[in-house]
Amino acid sequence: MNRYFVGVDLGATSGRVILATLCGEGIALEVLHRFPNRLLSIGGKYYWNIYSLYEEILHGLTLAGQRRIPVDSIGIDTWGVDMACVAADGTLAGLPRAYRDPYTNGVPEEFFRKIPRQEVYRRTGIQIMNFNSLFQLRAARGEGMSALENAASVLFMPDALSYLLTGEKVCEYTILSTSQFMDPRTREIDGALLREAGVDPALFPRVVMPGQRIGVLCDAVARQTGLGAVPVVAVAGHDTASAVAAVPARNGRFAYLSSGTWSLMGIEVPEPIITEESYAMNFTNEGGVDGTVRFLKNITGMWLLEQCRAVWSRQGREYSYEEIVRMTEGAALSPGVIDPDAAEFAAPTDMPQAIRTWCAAHGVPSPADDAALMRLIFDSLAAKYAEVLGKLRRLAPFEIECLHVIGGGAQNDLLNRMTADAVGIPVVAGPAEATALGNIMVQARAAGVVSSLAEMRRYIGRSIETKTYQPKK
């Protein structure tokens, strides 16, 4: 008998409502509705239009309802750190602020005058970034943000959207883990850190784990969508946690690379790794399915190439990805590499020139033409992946046997081949739709289709094709 699940997958630029059909030992995904997600700039401040997102989700759910399909459940994943405030009457107290808002500039340094930087890392295991939820709340309190001043509760983005659908408030573990105010050992909120930020920990509702039921669609939504009182399940609310849950690994001795515009490389461990070395290397500990910890590092991904393509396009040179692969393969090995994570590459107006300027400053021969620049980017990314994997090997409590590449980058055949040669272990590419599959399989587990994270992964492995790249000897 077929089972049906709806996954809502929201990124910082777009969202999707996906219908998944589980039949036997296979999974079929169908995008019912795709829509943009844009930042709102109002008075120099940046917000998410949560009402628009809610409306788009309702539209996607209505399309599912029109199919007259017996949907088992619905689950929502989003990006991390951002939050919505709910007033005492149950309405949203304004729009959620976006992590790109500059109101957190300088806030971490101010906070560290009260609790030292290294102590914050020791208590949370999270790398210090100015947009982390802890610093957003401190900034909001400092500017007297009316939404927070009038809040009866605070919800992370996937939890806020689930609340709009069900009327039930929860705080899901994986999305909470991005906040910098969760104790990764107890998996509970660190109230002392929140109070130092000027926020009452009681504003946050009960913590739930992926797979727990939040509630059912409220009467109005059930009628509007035609779905009826369908359960809404807390999936791995952080999109990367959902993606990692979909790694089709045969055992636990793997590293993963969630690859796209930005990349995240890490391992999955039962307990956080919080040491002087992990602090110095700026690794982070985030929550995963089954209470696991994703020990990882953020890496710049195809951002460099995408920004170069934008500049070349303005200059009248359009390159398809097929042309880029052909030109890169035809170019000579780069005589040096750049650091993809260098601050100079964060948001330059002219990425090719920024790369050439960095090369000149660091004694790296400047690429002579576009093909050489493409090759330099690919060589540098492969070298960076090898560098980070080397650090993971030093910190991992097991021998890493292979690297699983998931997300859109799993389809980048050239970079996968180069990465395998650079890291010296097999690279297994796929699935590209890892986030959606992880979202769906957590729901399937809650419905009793599978019984464990390992079984979820075996199910995905039987349902999708992967490609293995062996390193050159």
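We use all heavy atoms of the structure for the numbers below, so side chains are in, but hydrogens, waters and symmetry mates are not.
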Pi-cation contact, Tyr459 with Arg445 (under 6.0 Å, within 45°): no
Any side-chain donor near an acceptor of the partner, Gln224 and Thr62, under 3.5 Å: no
Trp312 CH2 to Ile324 CD1 distance, which is reported to the nearest 0.5 Å: 6.5 Å
Side chains of Ser162 and Glu168 in contact at under 4.5 Å (non-hydrogen atoms): no
Main-chain N/O of Pro36 paired to Ser14 side chain as donor or acceptor, under 3.5 Å: no
From CG (Leu305) to CE (Met351), nearest 0.5 Å: 10.0 Å
Close aromatic pair by centroid cut-off 6.0 Å: Tyr46 and Tyr103: no
Thr166 side chain to Cys218 backbone, donor-acceptor under 3.5 Å: no
Validation row: Ile273, Asn285 side chains within 4.5 angstrom (heavy atoms): yes
Check: Asn132 side chain, Gln127 main-chain N or O, donor-acceptor pair, under 3.5 Å: yes
Glu143 (side chain) donor-acceptor with Met145 (main chain) under 3.5 angstrom: no
Ile74 and Pro231, any side-chain heavy atoms less than 4.5 Å apart: no
Heavy-atom closest contact (Gly301 atom, Tyr385 atom, distance): CA-OH, 4.2 Å
Close side-chain approach of Val216 and Val232, heavy atoms under 4.5 Å: no
Pairwise distance CG(Asp101) to OG1(Thr104) - rounded to 0.5 angstrom: 7.0 Å
Donor-acceptor under 3.5 Å (Ser153 side chain, Leu203 main chain): no
Side chains of Asn282 and Asn298 in contact at under 4.5 Å (non-hydrogen atoms): no
Side-chain donor-acceptor contact under 3.5 Å, Glu433 with Thr435: no
Shortest non-hydrogen contact between Ala410 and Val405, atoms and distance: CB-O, 3.5 Å
Aromatic ring pairing Phe156/Phe204, orientation class (parallel under 30°, perpendicular over 60°, tilted between): tilted
Audit row: Leu58, Val221, side-chain contact (heavy atoms from CB on, under 4.5 Å) steps and yes/no: CA-CA 8 Å; Leu58 285 182; Val221 174; 3.8 Å; yes
Residue pair Lys391, Glu387: steps toward the salt bridge (Lys or Arg N to Asp or Glu O under 4.0 Å) verdict: CA-CA 7 Å; Lys391 293 177 179 178; Glu387 174 193 333; 3.4 Å; yes
Modelled atom types, side-chain donor and acceptor of Trp48 and Asp82, under 3.5 Å: yes
Closest non-hydrogen atom pair between Pro431 and Pro248, with its separation: CD-CD, 3.8 Å
Whether Phe345 and Trp358 hold their rings parallel, tilted or perpendicular, with breakpoints at 30° and 60°: tilted
Derivation and outcome, side-chain contact (heavy atoms from CB on, under 4.5 Å), residues Tyr319 and Met374: CA-CA 11 Å; Tyr319 298 118; Met374 295 171 190; 3.6 Å; yes
Ala446 to Val233 - nearest heavy-atom pair and separation: CB-CG1, 4.2 Å
Polar side-chain atom of Asp77 near backbone of Asn439 as donor-acceptor pair, under 3.5 Å: no
Distance-only donor-acceptor check, side chains Thr357 and Gln353, under 3.5 Å: yes
Asn2-Thr21 side chain donor-acceptor pair, cut-off 3.5 Å: no
Leu92 vs Val86 side-chain heavy atoms within contact, under 4.5 Å: yes
Between Ser41 and Tyr47: side-chain donor-acceptor atoms closer than 3.5 Å: no
Note, Met441 side chain near Val450 side chain (heavy atom, < 4.5 Å): yes
Spatial distance of atom CD1 (Ile69) from atom CZ (Arg3) [nearest 0.5 Å]: 14.0 Å
Donor-acceptor pair between Thr292 and Asp290 side chains, under 3.5 angstrom: no
Candidate pair Asp239 and Thr78, rule side-chain contact (heavy atoms from CB on, under 4.5 Å), full reasoning: CA-CA 5 Å; Asp239 50 11; Thr78 77; 6.0 Å; no
Nearest heavy atoms of Pro184 and Ile274, plus distance in Å: CG-CD1, 3.8 Å
Working for salt bridge (Lys or Arg N to Asp or Glu O under 4.0 Å), residues Asp9 and Arg16: CA-CA 5 Å; Asp9 175 28; Arg16 303 177 299 168; 2.8 Å; yes
Stepwise side-chain contact (heavy atoms from CB on, under 4.5 Å) test for Arg294 and Tyr256: CA-CA 10 Å; Arg294 293 174 293 113; Tyr256 58 83; 3.2 Å; yes
Residue pair Ser73 / Gln443, side-chain donor-acceptor N/O under 3.5 Å: yes
Side-chain donor/acceptor of Ser177 to backbone N/O of Gly287, under 3.5 Å: yes
Evaluation steps, side-chain hydrogen bond (donor to acceptor under 3.5 Å, both in side chains), between Glu172 and Gln212: CA-CA 9 Å; Glu172 190 274 322; Gln212 289 186 237; over 6 Å; no
Donor-acceptor pair, side chain of Thr300 and main chain of Pro340, under 3.5 angstrom: yes
Interatomic spacing from CG in Leu389 to CD1 in Ile267 - rounded to 0.5 Å: 9.5 Å
Cation-pi geometry met for Arg138 and Phe111 (6.0 Å, 45°): no
Over all atoms of both residues, closest heavy-atom pair of Ile126 and Thr284: CA-OG1, 3.2 Å
Sidechain-backbone polar pair: Asn416 side chain, Ala429 backbone, donor-acceptor under 3.5 Å: no
Verdict with reasoning, Glu119 to Arg113, per salt bridge (Lys or Arg N to Asp or Glu O under 4.0 Å): CA-CA 11 Å; Glu119 173 67 9; Arg113 288 198 286 269; over 6 Å; no
Name of the residue among Arg185, Arg122, Arg123, Arg195 meeting salt bridge (Lys or Arg N to Asp or Glu O under 4.0 Å) with Asp190: Arg123
Pair Glu318-Ser320, side-chain hydrogen bond (donor to acceptor under 3.5 Å, both in side chains): steps then yes or no: CA-CA 7 Å; Glu318 298 281 354; Ser320 68; over 6 Å; no
Aromatic centroids of Phe254 and His404 separated by under 6.0 Å: yes
Close side-chain approach of Leu32 and Ile18, heavy atoms under 4.5 Å: no
Rounded distance (nearest 0.5 Å) linking atom OH of Tyr54 with atom CD1 of Ile50: 10.5 Å
Main-chain N/O of Leu392 paired to Lys297 side chain as donor or acceptor, under 3.5 Å: no
